[in-house]
Structure formats: structure tokens, C-alpha cells
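When a ligand or atom number is given, it counts from 1 through the structure's own listing order.
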Amino acid sequence: MSSTVGPLEGLERATIIDPAAIRHNVRTIAVAVSPAKVMVAVKADGYGHGALTAAQAALDGGADWLGVAHVTEAIELRDSGIETPILAWLHTRDTDFIAAVERHIALGISGWEIEAVAEAAAALQTPAHVHLKIDTGLGRNGCPTEKWPELLRAAADHQERGLISVEGIFTHLAVADEPDRRETDEQLALFREAVATAEDAGITPDLRHAANTPAAMSRPDAHFDMVRVGVGVYGQSPFADRTGEDLGLKPTMELRTTVSNVKRVPAGQGISYGLTHRVDRPTSLGLIPLGYGDGVPRIAVDAPVRIGDRVYRSVGRVAMDQFVVDLEDPETEVQVGDDAVLFGGDSGLSAADWGAAAQTINYEIITRIGARVPRIVRDSGLDQIEADQEAEGVQQSTAQGVR
Ligand SMILES: *Cc1c(COP(=O)(O)O)cnc(C)c1O
């Protein structure tokens, strides 16, 4: 294919985002956790997919809530026209709570924020919607259990005065990606206790939530009223021993470019900075125009790239703009301009494969793709195709059933 409008639409490199896959994944999770509601995490620019693209697809797929870390992220969504409930849970003294309350952005409260939020509500004469967060063992954000009664008293007090409305209580799990670890049981027990203490203090919100993707998919006892899912929505498995496909999820992001150079080299040729790798036989090298300036981890070694119907491996150090794959044949048929896919699409390669090559996890790989890589949103319609097939299947089975 010599047309410039190939899969990359004339771009040199791109991530291709599929909203249909996001919709499919949200539906798959929603069915699995029903009747619990689904909050989709769209923080960090929608895990690298584009916050608005991810948010819109998530809502189209049936998400009830959106979740972000920062109020600034929530404001961006609101100001782009998203009217769904949004929760933001990570704040600093500089967080603009006034802007948040004005825009009806719900706020996660771990402690000190309650006074700042009540102040903003008082200034606006509008109650702030809050979700109280208890630290049940993660040791990051969240109210320590010994301070929980104090936070509940403050919350009840502000609620009575009409400054806040507590609509949720939540916690975050530390090891749900390892379903056999008992710490999750301990966290859930503490969470149930915290909810009971809140009830005794007259705080009885409708939304108790604890589960991230791994807990949503492995611990029904963690579903409560709502789950907060991120990585699964983006087609990724949070488990070391299961792929996204194993979980019925579809890849939502493809990272691709084309081979920018091919050359034959003799045995002994060194590759890239530091000459950390030398080929031990005559071969050909393919140059891939993506580097750590694009979010490809410099630490990655032996990382996969699909070119045509084969997967090749990276050799030598990843540089700022480029890295090299060994084409394993001095007479290679790979040519300049051939499509090169790092992960996603129908490459059979996943962000988890790149995570394994770079001592990290799929979460980091998809989230860190740099601003220099353009994003293309291309709806595959795969969820519609599924729906049609299902409808056809139903018709056929009804037809058979009639006899
Ligand atoms: C990011 C985040 C989630 C989503 O986690 P996944 O593992 O991606 O599903 C849920 N809750 C909180 C508090 C988070 O920060």
C-alpha cells in the first residue's frame, strides 16, 4: 500500500483510540458488577486516551459517574459539557474548591479538606457534595481510622448547617490485583466498620464504594453500591496471570508508526548509545521512530514490535526519538514504510508486553505516551457489530425455538 492515507491517516506516528472498545469494556464491567453502579476513572487524560474522548465513550457505554484525581481535571470535563456526576479526590491547599462547588463537582474528603470545602460552600451559599474517604490500609490518602469519628462529627455538623451533603463513603484497596491476599479482607472489614460508625453518627450516604478494576473483577463482596474502574475500561488486565482478552475486554489504544529505515549490518555491529548490544551475525536492523521523548520507556529491552505478520524485538537502548529492532535476516523483506505496531489493535501485542519489557505495568505504558505522538480517534463500531450479532443470535434461537 503506497497510499499516504493508511492506518495512520498520513501521520508519521499515532495512538489510535477506539471509543467502541471503551464502550464495550464499560458494558462488560457494568454487567459483571450489576446492580452496583459504575464510576469510570478518566484521570491522567483518560489514562492517556484523551480525557474527553474517554469520558464520552464511558458515558455512552453506561458509566454512571466519572472519577478524577484533581479538581482541575474535573473542571476541564465540566467546561467541555459533561454533566454527569464527577468525583475528584486528590487536593492541595491550592485546590480551587469554589470552582468545584460551583460546577457541582463532588469532592473526596480525607481530613483537612472538610473545612476548606465548607468555607467554599458558605461563600457560595451552595452545599458541597462530598464523599468521605477512610484509609483502610493503603496508607496514602484517606482518613486514618482513629480520626474517623472526628471527621464524621465535622461532616455531620456541616451537613446540619447545610454546607455539605455527604453522598458517599469510600476507600481504596492496596492489593486487589493479587486476589488471594488477605489484606483485602482486612480492608473490607475495616470499611464495613467505618460505614457502620458513620451510620451511628447519622451519616448514611447512598454510595459506598471500594473496588478498583481488580476488585470489581475478582471480589463481588467489594462491589457495594458502586465500583471505580479505570484500567479495565481501557482494555487492560490488572492481573499478572490474565490478559485483557481473558477478561473479555478489548484493546482501546493502538500505538503505531512505520519503519523509518532498514539496513543490512555485519556481525559485530553495535547498536545505539552505550553500545550495550552487538549483533552476533549478519542481520538487518529496522529503525522505529519512537523513543522516550514519546513515552517509550528507555529501560525497555527485548520489547516487541509487529511488522507485517511477524513480531520483532528491540535491541540496544531506546533513545529520545527512536529505537532499533533486529529484523533477524540480512535479506529481510521488511521495507521502509512498513507498518510497525508496538501494541494494541489486532497486533496481538499488549501494553502489558511492553510493561514486562520495561519493568513496569500496562497502566504506566498507556498513560505515559507523550504529547509528541498525535492521537487519532477512530470508532471501530465493534460494540454495534456485537449487538447486531447478538440480536441475530436471539432471532435464530427464537426461530429454532418456535419449530
Ligand atoms: C485510579 C483509581 C481508581 C481506578 O483504578 P484501576 O485499577 O485503574 O481500576 C479507583 N479509585 C481510585 C481512588 C483511584 O485513584
Side-chain angles (χ1 to χ4, degrees), residues 22 25-26 28-30 32-33 36-49 51 54-55 58 61 63-74 77 85-91 105-111 113 130-143 168-179 181 184 187-188 191 194 207-219 222-240 242 244 247-249 251-253 350-352 355 360-368:
I22 295 177
N25 296 335
V26 173
T28 302
I29 294 168
V33 304
K37 293 186 171 172
V38 177
M39 175 188 289
V40 170
V42 294
K43 60 193 177 182
D45 206 15
Y47 286 47
H49 292 64
D64 303 286
W65 276 75
L66 298 173
V68 293
H70 302 285
V71 162
T72 47
E73 297 178 289
L77 293 169
I86 307 178
L87 177 66
W89 52 69
L90 184 60
H91 318 295
I105 292 162
L107 298 161
I109 301 279
S110 296
E113 305 96 327
V130 306
H131 294 220
L132 303 178
K133 185 172 192 184
I134 174 93
D135 179 3
T136 55
L138 181 61
R140 260 169 27 177
N141 216 341
C143 181
I169 294 180
F170 71 121
T171 193
H172 197 29
L173 301 172
V175 295
D177 55 320
E178 300 170 72
R181 287 182 65 165
T184 302
Q187 284 198 266
L188 293 177
F191 183 58
L207 295 172
R208 298 160 299 165
H209 46 110
N212 50 5
T213 299
M217 299 193 129
S218 70
R219 299 278 313 221
H223 291 172
F224 296 98
D225 306 306
M226 181 161 74
V227 301
R228 302 183 310 272
V229 287
V231 88
V233 165
Y234 305 104
Q236 303 294 320
S237 169
F239 305 111
R242 271 179 285 172
L247 300 171
L249 305 173
T252 57
M253 176 194 287
S350 71
T360 184
I361 52 175
N362 46 3
Y363 288 71
E364 185 178 353
I365 298 294
I366 59 174
T367 305
R368 64 179 288 162

Could you tell me, for ligand 1, which of its N or O atoms are under 3.5 Å from any protein N or O, listing the pairs and their distances rounded to 0.1 Å?
from: ligand 1; atom 1: 7 (O); to: Y363; atom 2: OH; distance (Å): 2.6
from: ligand 1; atom 1: 8 (O); to: Y47; atom 2: OH; distance (Å): 2.6
from: ligand 1; atom 1: 8 (O); to: V231; atom 2: N; distance (Å): 2.8
from: ligand 1; atom 1: 9 (O); to: T213; atom 2: N; distance (Å): 2.8
from: ligand 1; atom 1: 9 (O); to: T213; atom 2: OG1; distance (Å): 2.5
from: ligand 1; atom 1: 9 (O); to: G230; atom 2: N; distance (Å): 2.8
from: ligand 1; atom 1: 11 (N); to: R228; atom 2: NE; distance (Å): 2.8
from: ligand 1; atom 1: 11 (N); to: R228; atom 2: NH2; distance (Å): 3.4
from: ligand 1; atom 1: 15 (O); to: K43; atom 2: NZ; distance (Å): 2.6
from: ligand 1; atom 1: 15 (O); to: W89; atom 2: NE1; distance (Å): 3.4

Problem - G108 backbone acceptor or donor facing H91 side chain under 3.5 Å - result: yes
Practice task
Kindly state whether the ring of Y234 and the ring of Y363 have centres lying under 6.0 angstrom apart.
Solution key: no
Exercise for the section: Sequence neighbours left out, what passes side-chain contact (heavy atoms from CB on, under 4.5 Å) with A176? Give chain and number order. Expected result: L173, N212, P214, A215
Completion exercise
The complete set of salt bridge (Lys or Arg N to Asp or Glu O under 4.0 Å) pairs with one or both residues in residues 225-238, sequence neighbours excluded, reads R208-D225
Exercise for the section: Could you tell me whether a side-chain N or O of N25 sits under 3.5 Å from a main-chain N or O of V233, the two making a donor and an acceptor? Expected result: yes
Problem - For H131, all residues meeting ring pair (Phe, Tyr, Trp, His ring centres under 6.0 Å), sequence neighbours excluded - result: W65, H209
